[in-house]
Amino acid sequence: PSTSLFNQETLQQRLQTLIEGARESWTYAIYWQSSVVDFSGASTLGWGDGYYKGEEDKGKRKTASSQSAAEQEHRKKVLRELNSLISGSSASADDAVDEEVTDTEWFFLVSMTQSFVNGSGLPGQAFNSVPIWVTGKERLAGSSCERARQGQVFGLQTMVCIPSASGVVELGSTELIFQNSDLVNKVRVLFNFNNMG
Amino acid sequence: NGDLPIFRRKSLQRFLVKRKERLTLVSPYS
């Protein structure tokens, strides 16, 4: 039963519960799933699932992005292609895909392609270790982790990675959110798959 | 194309559906 509970549906519900039930306004939550990649037992963290909520202030949607017109066109093109591949419909039939793709939306989408060797990157450092909480643009920009620096470039002000039984929960926000034990405890309850039931 | 397998199909599908919902909720007058 514990393995059947560990599927993408319940992951999505847990991520949603975590973000929607939080007092702070988190922009997204990602579950990085651990898997063993070779005989030496080395593991890697890859995309498990993610929940994107977006910025609290919808007005920020239009102003947050600072990238060039060419970059915005590239993002829209990628989104259009993905949309037509997923829905099977013509991209032009869906006006939503032609809306500006914000920095945090793009950061979230690009995250789906990423993975981290155990011990490297923000999620990789948190795995089998302690939570990592980075608040403030300066701290993110000065981090030794590329993902943290990347997050800052895409408008994040807070990034958190909390280890769980078989992966890492990452949260990001465009707001300044300071460390609190409530969130860490919630992650431990919601994502401790070994103790299901 | 070959890029799609990199993305988790369900995650992407959810993201696109929710994005559409969010954009629909944003008032055209704001």
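The chains referred to below are lettered A, B, ... by the order of the sequence lines, with proteins before strands, and numbering in each begins at 1. Quantities reported herein were computed from a predicted structural model and do not represent experimental measurements. Excluded from the calculations below are hydrogen atoms, water molecules and symmetry mates; all remaining heavy atoms, backbone and side chain alike, are included.
- Minimum interatomic distance between B:Arg9 and A:Ile86 (heavy atoms only, all atoms of both residues): CG-CD1, 3.5 Å.
- To the nearest 0.5 angstrom, B:Leu12 atom CG is 6.5 Å from A:Leu109 atom CG.
- The aromatic rings of B:Phe15 and A:Phe108 sit parallel, their planes meeting at an angle under 30°, below the 60° perpendicular limit.
- Within a 6.0 Å sphere centred on CD of A:Glu20, heavy atoms belonging to other residues, nucleotides or ligands number more than 12.
- A:Leu140 and A:Val110 end up in the same hydrophobic cluster when Ile, Leu, Val, Met, Phe, Trp and Tyr side chains are linked at under 4.5 Å.
- With A:Tyr52 as reference, B:Arg22 is the one residue of B:Arg14, B:Lys18, B:Arg22 to meet the side-chain contact (heavy atoms from CB on, under 4.5 Å) rule.
- For the residue pair B:Arg19 and A:Leu79, the shortest heavy atom distance occurs at NH1-CD2, 3.2 Å.
- For the pair B:Ser11 and A:Gly48, the tightest heavy-atom approach, listed with the atom from each and the gap, is OG-O, 4.5 Å.
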